[in-house]
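Because the structure is predicted, anything quoted here is derived from the model rather than measured.
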Amino acid sequence: MVYTHGHHEAVLRSHRWRTAENSAGYLLGELRPGMSLLDVGCGPGTITLDLAARVAPGRVVGIDAAPDALAAAPSTATVDFQVGDVYALAYDDDAFDVVHAHQVLQHLADPVAALREMRRVCRAGGFVAARDADYAAMTWHPEIPALDDWLALYRRVARHNGGEPDAGRKLLSWAREAGFTDVRATASAWCFATPEDRLWWSDTWAHRVTKSAFGAAALEAGYATEADLARMAEAWREWGAVEDGWFAVLHGEVLCR
């Protein structure tokens, strides 16, 4: 797995904004106290901790392939954070009531194999839950040509890295290919439209374009120049300063029993 975003501070800042409410609402109604839960690709752990509060006193484990991401997770007695590989989970069959992954499958060369492994460690009657963005469905106002260039570049780099940036629309088919027959597929969105949200979202992406692993990969592959990246970063800042600016990120979701 190549994680297109990397773990620059701007990326982790974006990840720490995520909560169970804004990123896992489709799952929350199924959670009960005492459930055991595995959070795959947990990053800095903000969603993990929220989920842990809902299943307490159940066992909760958060895993990530990147030690740098786990280093940003808080030290807590309620969650056991570990380095782990979604293709080879270090747990017995039927070990958890819930196995959750947020923004993970889009980065994998074989998301179906990952879902099969998540299914293996989930007990009968439990839930495997996954949510991923769909980059091609992202939309914004006003139209700024350099943001179109940013989106095309991101999708190109993500595929160069072996991922699928439009994963949201494919989750249902991947779940069925992984052997699930009871699948609830839904969609939800993040929307950035207040002055505070626009400033935050635009600032994180302006830095991610020029400072993160995404920008470095674009340069290394010859897909963009430093001038191209600077132009895209400036476009993000331009969008963030527009009084009626609006940006929506569509996500696909699957809840597999």
*Asks:* Supply the atom-to-atom distance Met35 CE to Asp97 CG, rounded to the nearest 0.5 angstrom.
*Replies:* 5.5 Å
*Asks:* Ignoring hydrogens, what is the shortest heavy-atom contact between Val79 and Gly62? Give both atom names and the distance.
*Replies:* CG1-N, 3.9 Å
*Asks:* Test ring-ring contact (aromatic ring centres under 6.0 Å, His included) on Trp239 and Trp205 and set out the steps.
*Replies:* CA-CA 11 Å; Trp239 172 83; Trp205 265 109; over 10 Å; no
*Asks:* Using the side chain to side chain donor-acceptor pair (under 3.5 Å) definition, which of the options His100, Gln103, Glu253 pairs with Arg131?
*Replies:* Glu253
*Asks:* Look at Arg208 together with Glu9 and state whether they make a salt bridge at an N to O cut-off of under 4.0 Å.
*Replies:* no
*Asks:* Can you name the closest pair of heavy atoms from Thr210 and Ala233 and give their distance?
*Replies:* CG2-CB, 3.8 Å
*Asks:* In this structure, would Phe214 and Val104 fall into the same cluster of hydrophobic residues linked by side-chain contacts under 4.5 Å?
*Replies:* no
*Asks:* Is a side-chain N or O of Arg59 found less than 3.5 angstrom from the main chain of Ala56, in a donor-acceptor match?
*Replies:* no
*Asks:* Quick one: which residue pairs count as a ring-ring contact (aromatic ring centres under 6.0 Å, His included) with a foot in residues 70-91, not counting sequence neighbours?
*Replies:* Tyr91-Phe96
*Asks:* Considering only heavy atoms from C-beta outward, does the side chain of Val61 approach that of Asp39 to under 4.5 Å?
*Replies:* no
*Asks:* Show me the donor-acceptor pairs within less than 3.5 Å that the side chains of residues 136-154 make with the rest of the protein, sequence neighbours left out.
*Replies:*
| unit_1 | atom_1 | unit_2 | atom_2 | d |
| --- | --- | --- | --- | --- |
| Asp149 | OD2 | Arg231 | NH1 | 2.9 |
| Tyr154 | OH | His5 | NE2 | 3.1 |

*Asks:* Are the side chains of Trp246 and Cys191 in contact, using a 4.5 Å heavy-atom criterion?
*Replies:* yes
*Asks:* Considering only NZ, NE, NH1 and NH2 on the basic side and carboxylate oxygens on the acidic side, decide whether Glu164 and Arg155 come within less than 4.0 Å.
*Replies:* no
*Asks:* Whether the Ser36 and Arg123 side chains hold a donor-acceptor pair (N or O, under 3.5 Å, no angle test) is what I'd like checked.
*Replies:* no
*Asks:* Between CG of Asp228 and CG of Leu219, what distance do you get to the nearest 0.5 Å?
*Replies:* 8.5 Å
*Asks:* Please check: side-chain N/O of Arg54 versus main-chain N/O of Leu31, any donor-acceptor pairing under 3.5 Å?
*Replies:* no
*Asks:* Looking at CG of Leu89 and CG of Leu38, how far apart are the two atoms once the value is rounded to the nearest 0.5 Å?
*Replies:* 6.0 Å
*Asks:* Under 4.0 Å between a Lys/Arg side-chain N and an Asp/Glu carboxylate O for Asp166 and Arg159?
*Replies:* yes
*Asks:* With side-chain contact (heavy atoms from CB on, under 4.5 Å) as the test, would you mind laying out the steps for Ser14 and Trp200 before giving the verdict?
*Replies:* CA-CA 9 Å; Ser14 175; Trp200 175 81; 4.1 Å; yes
*Asks:* Shortest non-hydrogen contact from Leu255 to Ala129?
*Replies:* CD1-CB, 3.8 Å
*Asks:* Does a salt bridge link Arg237 with Asp203, judged by any charged N lying under 4.0 Å from a carboxylate O?
*Replies:* no
*Asks:* Without hydrogens or angle criteria, can the side chains of Arg257 and Thr181 be said to hold a donor-acceptor pair below 3.5 Å?
*Replies:* no
*Asks:* Of all heavy-atom pairs between Ser23 and Arg18, which one has the smallest distance, and what is that distance?
*Replies:* OG-CB, 3.6 Å
*Asks:* Counting C-beta onward and ignoring hydrogens, is there a side-chain heavy-atom pair between Asn22 and Trp17 closer than 4.5 Å?
*Replies:* yes
*Asks:* Can Val209 be reached from Tyr223 by stepping across I, L, V, M, F, W or Y side chains whose heavy atoms are under 4.5 Å apart?
*Replies:* yes
*Asks:* Tell me whether the rings of Trp201 and Phe192 are parallel (<30°), tilted (30 to 60°) or perpendicular (>60°).
*Replies:* parallel
*Asks:* What is the distance from atom CZ of Arg156 to atom NE2 of His160, rounded to the nearest 0.5 Å?
*Replies:* 9.5 Å
*Asks:* Does the ring center of Phe180 lie less than 6.0 Å from the ring center of Trp174?
*Replies:* no
*Asks:* Honestly curious: do Val99 and Leu172 fall in one hydrophobic cluster under the side-chain, below-4.5 Å linking rule?
*Replies:* yes
*Asks:* Roughly how far, to the nearest 0.5 Å, is the OG1 atom of Thr46 from the NE2 atom of His102?
*Replies:* 9.5 Å
*Asks:* Is there a side-chain contact between Asp94 and Val121 (heavy atoms, below 4.5 Å)?
*Replies:* no
*Asks:* Grouping I, L, V, M, F, W and Y whenever their side-chain heavy atoms are under 4.5 Å apart, do Val11 and Val249 come out in a common cluster?
*Replies:* no
*Asks:* Can you tell me if CZ on Arg184 sees more than 12 non-hydrogen neighbours from other groups inside 6.0 Å?
*Replies:* no
*Asks:* If I compare all heavy atoms of Val60 with all of Val55, which pair ends up nearest, and what's the gap?
*Replies:* CG2-CG2, 3.5 Å
*Asks:* Given side chains that start at C-beta, do those of Leu105 and Val112 come closer than 4.5 Å, heavy atoms only?
*Replies:* no
*Asks:* Are the side chain of Asp50 and the backbone N or O of Ala20 linked by a donor-acceptor pair below 3.5 Å?
*Replies:* yes
*Asks:* Examine Leu171 and Val86 and state if one hydrophobic cluster contains both, with Ile, Leu, Val, Met, Phe, Trp and Tyr joined whenever side-chain heavy atoms are less than 4.5 Å apart.
*Replies:* yes
*Asks:* Give me the atom names and distance for the closest heavy-atom approach of Val83 to Ala65.
*Replies:* CG1-O, 4.1 Å
*Asks:* Please identify each residue that fulfils ring-ring contact (aromatic ring centres under 6.0 Å, His included) with His207, with sequence neighbours left out.
*Replies:* none
*Asks:* Would you check if Val98 and Glu30 make a side-chain contact, meaning some heavy-atom pair closer than 4.5 Å?
*Replies:* no
*Asks:* Can you confirm whether more than 12 heavy atoms, excluding those of Gln82, are under 6.0 Å from its CD atom?
*Replies:* yes
*Asks:* Ignoring hydrogens and angles, tell me if any N or O in the side chain of Asp134 forms a donor-acceptor pair with the backbone of Leu250 under 3.5 Å.
*Replies:* no
*Asks:* Let me confirm one number: the CD-CD1 distance from Glu21 to Ile47, rounded to the nearest 0.5 Å.
*Replies:* 10.0 Å
*Asks:* For Asp64 and Leu70, indicate whether the former's side chain and the latter's backbone hold a donor-acceptor pair under 3.5 Å.
*Replies:* no
